[in-house]
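Report on the structure given below.
Both counts, for ligands and for their atoms, begin at 1 and track the order of listing. Quantities reported herein were computed from a predicted structural model and do not represent experimental measurements.
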Amino acid sequence: MVRPSRGRGLLAVALLVSLPVVAGEAPRESADSQALYQTHCASCHGIDRLGGMGPALLPGNLSRLKQDEAIAVIREGRPATQMMGFEDVLSSAESEALAKWIYTPPDTPPTWNMADIKQSQVVMHPFGSLPDEPTFDADPMNLFLVVETGDHHVSLLDGDTFDRIDRFPSRYALHGGPKYTPDGRYVFFGSRDGWISKYDIYNQEMVAEVRAGINMRNIAVSGDGRYVMAANYLPHTLVLFDAHNLDPMKAYPVSDASGATSRVSAVYAAPPRGSFIAALKDIKEVWEIPWPVPTSPVVSTGHMKEPIEALRSHDTPNFDVRRITVPDYLDDFFFDPEYRHLIGAARGGQGAMVIDLDSGDNVADLPLAGMPHLGSGVSWMLDGRRVMAIPHLTKGAVSIIDMSDWSLIKTLETAGPGFFMRSHENSPYAWVDVFFGPNHDKVHVIDKQSLEIVETLTPAPGKVAAHVEFDRDGEKLLLSIWDRDGAVIVYDAKTLKELQRIPMDKPSGKYNVWNKTQYEEGTSH
Ligand code: DHE
């Protein structure tokens, strides 16, 4: 329920109208609440409450939010999301009517099953049908993809010259990082409305698409590039695909032993374990799903020194679910470089927990009030120990934790809550934005050894400056000016001098092929 800006609202409605979604819902509540919903909420949450830029608003997706809490969210907004408060637009009675309406089940529950998934699949260029040589001279392992959320496009940049090799349309509202195959040739994008798009970087062609769900969180690609797993909010499923042509292989209904179902918070690939790891939003479990071990190791560089097959630490059959019971719901999580530990947090909680993925034990609790944004954490070596740093979504701080004993080393004060952190093994600095509040145009540069802020940049006064990604060698980096009249700024990573400004339409995330495929310690996975 974001206050609709005219452009975004119209685009969202147009798109959602054209989606092949089910529902056929005949609302039971008063015409007034439906009209209010269509006026204030539909542009982001979908005309049928099935989700869009915002999540689906159906009882099955609101199980962790009480109705009076929903009224407060409608009135005051929700921290760390695009959801603004409607206090000055809606009366108390209208907010209550709206809350009641979103907890009313639709007459026909929305479904998206294997048959729907199969029917949605489009293969434009079957696997193996396009040339195997890149059409460009740029280093194929030092390319950047930049997601431009303004007009829903993606730019492909040469990571040495920053020339634009391609700019192509994406699905509406991509969310989460695109995922590359380990050779860097293909990339998979996930959209909030469930679409997975596979793009051939060498040939600059979209090669296959499929719709995994109605409201999706993110996707993960196996360490050998052979499988894609999609995590859904609606329906409550994980869906496995063959990466070649995005053929659906298996849909996992996500539920516990009692039959209670759950949204999936997110799924990640853990190459050293040879498995996908999914955290669940409504049941207290983490799921591990192994993929078949390849005959030769495909990830053996960077800080992940061991070949895959040596590290598989469990004997669950391929594609079966290993359930790990955890003390709380997990909305957000991070891994140590070996993928031995998962560090996870519930959004409303006051801390994070450390789960040993082999034993399933909760081995430590971290005192991290203020909504730690674990998903954007980075790690590095400090005095012979590995440390991790994470921003907080509701307080101006970066927490730095010693990963050898899980103690909090330092809480660094920042100019406001941050969303994304980034670094690179070759850089002395870690970068954190100040995404929320009056200082959203500032970015801090932190010295990784002194743990002090050494520079605060304001590259475009008044405009959000956020999300950094380094090049392959950690010598230059890109920062987004998150605005329709925005840009990607190229900085020298040592001198912190601006080198170049490339105009872009609300650029959000940027993703370097090398850093992503090598699971570089300073970037998101
Ligand atoms: Fe994200 C990544 C969850 C809101 C932009 N975000 C992720 C991931 C998760 C997540 C689990 C990791 C997935 C991956 O990369 O595979 N995001 C959430 C939320 O729960 C939250 C707070 C509420 C929600 O709306 O879902 C949220 N995210 C946002 C935004 O409002 C942002 C700023 C704008 C947008 O596009 O929606 C946003 N999220 C991003 C970006 C990434 C991301 C750009 C990839 C970061 C990266 O560097 O990998």
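Figure legend: cation-pi geometry between K284 and Y329, with NZ or CZ positioned under 6.0 Å from the six-membered ring centre and within 45° of its axis. Both tests do not hold together for R226 against W291: distance to the six-membered ring centre under 6.0 Å, angle to the ring axis within 45°.
A parallel orientation is assigned to the rings of F168 and Y199, their planes being inclined by less than 30° (bins at 30° and 60°). Using bins of under 30°, 30° to 60° and over 60° for the plane-to-plane angle, the ring pair F435/F420 lands in the perpendicular bin. In this structure, F333 and F335 have perpendicular ring planes: the angle between them is above 60°, well past the 30° mark.
Residue contacts with ligand 1: H373 is excluded, as none of its non-hydrogen atoms falls under 4.0 Å. Within the 4.0 Å heavy-atom shell around ligand 1 one finds R422. Residue contacts with ligand 1 do not include K510, since none of its heavy atoms lies under 4.0 Å from the ligand.
Those atoms of ligand 1 that come under 4.0 Å of a heavy atom in H467, given as number and element, are 46 (C), 47 (C), 48 (O). Atoms of ligand 1 found under 4.0 Å from any heavy atom of G177, numbered from 1 in the order shown, are 14 (C), 15 (O), 45 (C). Close approach to F435 involves these atoms of ligand 1, each under 4.0 Å from a residue heavy atom: 33 (C). Annotation for ligand 1: atoms under 4.0 Å from non-hydrogen atoms of G176 are 2 (C), 13 (C), 14 (C), 15 (O), 42 (C), 43 (C), 45 (C). Every atom of ligand 1 is numbered from 1 in the order shown, and the set under 4.0 Å from a heavy atom of A266 is 11 (C).
Of the charged side-chain nitrogens involved, at least one lies within less than 4.0 Å of a carboxylate oxygen, so that E288 and R322 count as a salt-bridged pair.
Of the listed options H175, K179, R217, K179 places a heavy atom closest to atom 14 (C) of ligand 1. Distances from atom 29 (C) of ligand 1 to the heavy atoms of F420, F419, Y268, F333 put F419 nearest. The heavy atom nearest to atom 13 (C) of ligand 1, out of those in D332, N218, N215, is found in N218.
Side-chain contact annotation: H444 with T456, donor-acceptor N/O pair under 3.5 Å present. Under 3.5 Å, the side chains of S255 and H236 contain no donor-acceptor pair of N or O atoms.
Between F419 and W482, the ring center distance fails the sub-6.0 Å criterion.
Taking only nitrogen or oxygen atoms, main chain and side chain alike, T149 does not reach within less than 3.5 Å of ligand 1. For a threshold of 3.5 Å applied to N or O pairs, the pair formed by S524 and ligand 1 contains at least one separation below that value.
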